[in-house]
Every structure is written in structure tokens, then in C-alpha cells.
Amino acid sequence: MDSAQRQRRLARRALWGSVVIGLGVIGYFGLQGEFVTATVVGALLIGGGYFEYRRRLRDLEMIDGDAEEDPFERRERFR
């Protein structure tokens, strides 16, 4: 198994961990009667985990990018 597959699997597991913890937080604060806190903290955990997952995948795609592409052309394109 290559490193990119491991990194993708790690990113997916981190996302699911964030979702599970977020749902746990929502459940805990929901049982305490703090529905606004449950919504805000749960959304932050789940949303943050999702955006971190997307960032990791985007970084992996940039690393796995086109080997024939000239780095100077890439730099000019992203300027």
C-alpha cells in the first residue's frame, strides 16, 4: 500500500472520528437541555472535520499532480 492511500485512509478516519465526537457532543448537550450549545459545538466539530478532510485530499492531489507540468507555469497560473 502506498503512502497516498494511507494518507487518504487516515483523512477518512479522522473525518469519521470528528463526526462521532460531534454527534456525542450534540447528544450530551442535548440531554443537558443546552440545545444552542449542542448545535454550535456539534456543527463546529463536524464542519471542521469535513473541511480538514477536504484540505488533506486537496494537498494529496497537488502532491500527486502532473509530473510533466512545469513548476514555473504552475506558479504563474496561481499568481
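Positions are given from 1, in the same order as the sequence printed here.
Of all heavy-atom pairs between I46 and V19, the closest is CG1-CA, 4.1 Å. G49 approaches S18 most closely through the heavy-atom pair CA-OG, 3.5 Å. Y53 and A11 get closest at one heavy-atom pair: CD1-O, 3.5 Å.
Interatomic distance, CD of E52 versus CG of L57, reported as 10.0 Å (0.5 Å rounding). A distance of 9.5 Å separates CG in L60 from CZ in R55, rounded to the nearest 0.5 Å.
Sparse packing is recorded around CZ of R54, with 12 or fewer heavy atoms of other residues, nucleotides or ligands lying under 6.0 Å away.
Connection of I26 to L15 is established within a shared hydrophobic cluster, with ILVMFWY side chains joined at heavy-atom distances below 4.5 Å, either directly or through further cluster members. Criterion: ILVMFWY side-chain heavy atoms under 4.5 Å apart, direct or through other members. Under it, V41 and I21 are part of a common hydrophobic cluster. Cluster annotation: V36 and L44 are assigned to the same hydrophobic cluster (Ile/Leu/Val/Met/Phe/Trp/Tyr, side-chain heavy-atom contacts under 4.5 Å, transitive). Criterion: ILVMFWY side-chain heavy atoms under 4.5 Å apart, direct or through other members. Under it, W16 and F51 are part of a common hydrophobic cluster.
For the pair E61 and R58, the salt-bridge criterion is not met [side-chain N within less than 4.0 Å of a carboxylate O].
Between R56 and L10 the shortest side-chain heavy-atom distance falls below 4.5 Å.
Listed for the T39 side chain is a donor-acceptor partner under 3.5 Å among the backbone atoms of F35.
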